[in-house]
Amino acid sequence: MHRFRKGIWALILCVVFGCAPKEEDKSSAVSAYSLGGTVSGLSSGTVVLQNNGANDLVINQVGSGNVSFTFPTKISSGGSYSVSVKIHPNTQACTVNNGSGSVSADVTGVKVVCSAESYSVGGTVSGLTGTLVLQNNSGEELTLTQDGNFTFGKKIAKGADYNVSVKTQPGSYFCSVTSNRGLVTTAVSGVSVICSTQTFLLSGTAGGLGS
């Protein structure tokens, strides 16, 4: 009876003065997605991959054909990933394609190509004034300060893609890259980088002019 009366009074007070709302749950679930892909051309031995310089993943070749892989640690939505090779097989070189970006769904398209043959990627730069930074496959960087030939330090496995892009433009100059992507079957030396001063178009109207 006492508890009943106490409950009635609590209800009356709640109606008259208002009830304090329950504290809302401020935590919100953040989606996380997996990161993976395939290794091709791995004839024997072991390749060790990394994501963002950590999270080592050991891949062994069993039998023949491609090997699928998935990193054990998922990535929060909007997070970035950068897959690299930490340890190459003893007799092969491995190259990562489609290895960087940000996640909004499960990533399954990372491609690691391994081969006993590997080749350099390079070309020429002209019109350069200042410091230019190039990238190959959104990974290895190469800093240039003068015209001439250039070659990236890391060789690319035969059968893998190369994709040379400009990471940092040289100040007020603008550099464009052509013949900058393709499939590696032999040494690549035809990448062309041409730099020039940036020009701007000024437009408007004029009034009050005579003949």
Side-chain angles (χ1 to χ4, degrees), residues 33 35-40 47-57 71 73 75-88 93-105 107-115 118-201:
Y33 299 103
L35 170 65
T38 57
V39 177
S40 63
V47 59
V48 180
L49 304 179
Q50 284 190 323
N51 179 35
N52 294 329
N55 198 19
D56 290 10
L57 178 63
F71 282 92
T73 302
I75 305 172
S76 299
S77 179
S80 61
Y81 63 93
S82 179
V83 179
S84 59
V85 178
K86 180 181 181 181
I87 300 177
H88 294 264
C94 299
T95 297
V96 180
N97 289 150
N98 305 327
S100 62
S102 58
V103 300
S104 57
V107 178
T108 60
V110 179
K111 296 181 180 180
V112 182
V113 180
C114 299
S115 175
S118 59
Y119 299 100
S120 60
V121 173
T124 59
V125 58
S126 61
L128 176 61
T129 298
T131 299
L132 168 69
V133 181
L134 299 178
Q135 274 191 326
N136 187 23
N137 289 332
S138 300
E140 183 188 4
E141 297 180 7
L142 178 63
T143 301
L144 303 174
T145 57
Q146 60 184 12
D147 289 351
N149 298 326
F150 67 87
T151 303
F152 282 90
K154 293 181 180 180
K155 292 186 176 182
I156 303 299
K158 183 179 181 179
D161 296 326
Y162 69 94
N163 185 358
V164 178
S165 59
V166 174
K167 181 182 180 182
T168 305
Q169 296 284 359
S172 60
Y173 280 70
F174 178 82
C175 301
S176 59
V177 189
T178 57
S179 303
N180 59 316
R181 61 191 307 170
L183 186 71
V184 172
T185 57
T186 185
V188 177
S189 59
V191 179
S192 176
V193 183
I194 300 177
C195 304
S196 61
T197 55
Q198 296 190 58
T199 58
F200 302 92
L201 177 64

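On a predicted model such as this, the values are computed, not experimentally measured, just so you know.
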Q: Donor-acceptor check, side chain of H88 to backbone of C94, threshold 3.5 angstrom: yes or no?
A: yes

Q: Is there a side-chain contact between V103 and L35 (heavy atoms, below 4.5 Å)?
A: no

Q: Of all heavy-atom pairs between L183 and G159, which one has the smallest distance, and what is that distance?
A: CD1-O, 3.0 Å

Q: Would you compute the distance between atom CD of Q50 and atom CG of N55 and round it to the nearest 0.5 angstrom?
A: 8.5 Å

Q: Among V48, V47, T95, which residue satisfies the side chain to side chain contact (heavy atoms under 4.5 Å, CB included) criterion with V85?
A: V47

Q: Testing N97, V191, N180 for side chain to side chain contact (heavy atoms under 4.5 Å, CB included) with Y162, which one passes?
A: V191

Q: Looking at every heavy atom in both I75 and S80, which two are closest together, and how far apart are they?
A: CG2-O, 4.2 Å

Q: Please name the pair of heavy atoms, one in V121 and one in V164, separated by the smallest distance, quoted to 0.1 Å.
A: CG1-CG2, 4.0 Å

Q: So how far is it from K111 NZ to T38 OG1, rounded to the nearest 0.5 Å?
A: 7.0 Å

Q: About how many Å separate CD1 of I194 and OG of S126, when rounded to the nearest 0.5 Å?
A: 5.0 Å

Q: For residues 135-142, which side-chain donor-acceptor pairs fall under 3.5 Å, sequence neighbours excluded?
A:
from : atom 1 : to   : atom 2 : distance (Å)
N136 : OD1    : N163 : N      : 3.1
N137 : OD1    : N163 : N      : 3.1
N137 : ND2    : D161 : O      : 3.0
E140 : OE1    : K154 : N      : 3.2
E140 : OE2    : G153 : N      : 2.8
E140 : OE2    : K154 : N      : 3.0
E141 : OE2    : K167 : NZ     : 2.4

Q: Please report the closest heavy-atom contact between V166 and C175, naming both atoms and the distance.
A: CG2-O, 3.8 Å

Q: Could you tell me which non-hydrogen atom of N51 sits nearest to which non-hydrogen atom of S82, and how far apart they are?
A: OD1-N, 3.0 Å

Q: Heavy atoms, side chains only, cut-off 4.5 Å: are Y173 and L132 in contact?
A: no

Q: Minimum heavy-atom separation for S120 to T151, with atom names?
A: CB-CG2, 3.8 Å

Q: How many angstroms lie between atom CZ of F174 and atom SG of C195, to the nearest 0.5 angstrom?
A: 9.5 Å

Q: Could you tell me which residues satisfy side chain to side chain contact (heavy atoms under 4.5 Å, CB included) with T131, sequence neighbours excluded, listed by chain and number?
A: T143, T145

Q: For T124, enumerate each residue passing the side chain to side chain contact (heavy atoms under 4.5 Å, CB included) test, keeping only those at least two apart in sequence or located in another chain.
A: N149

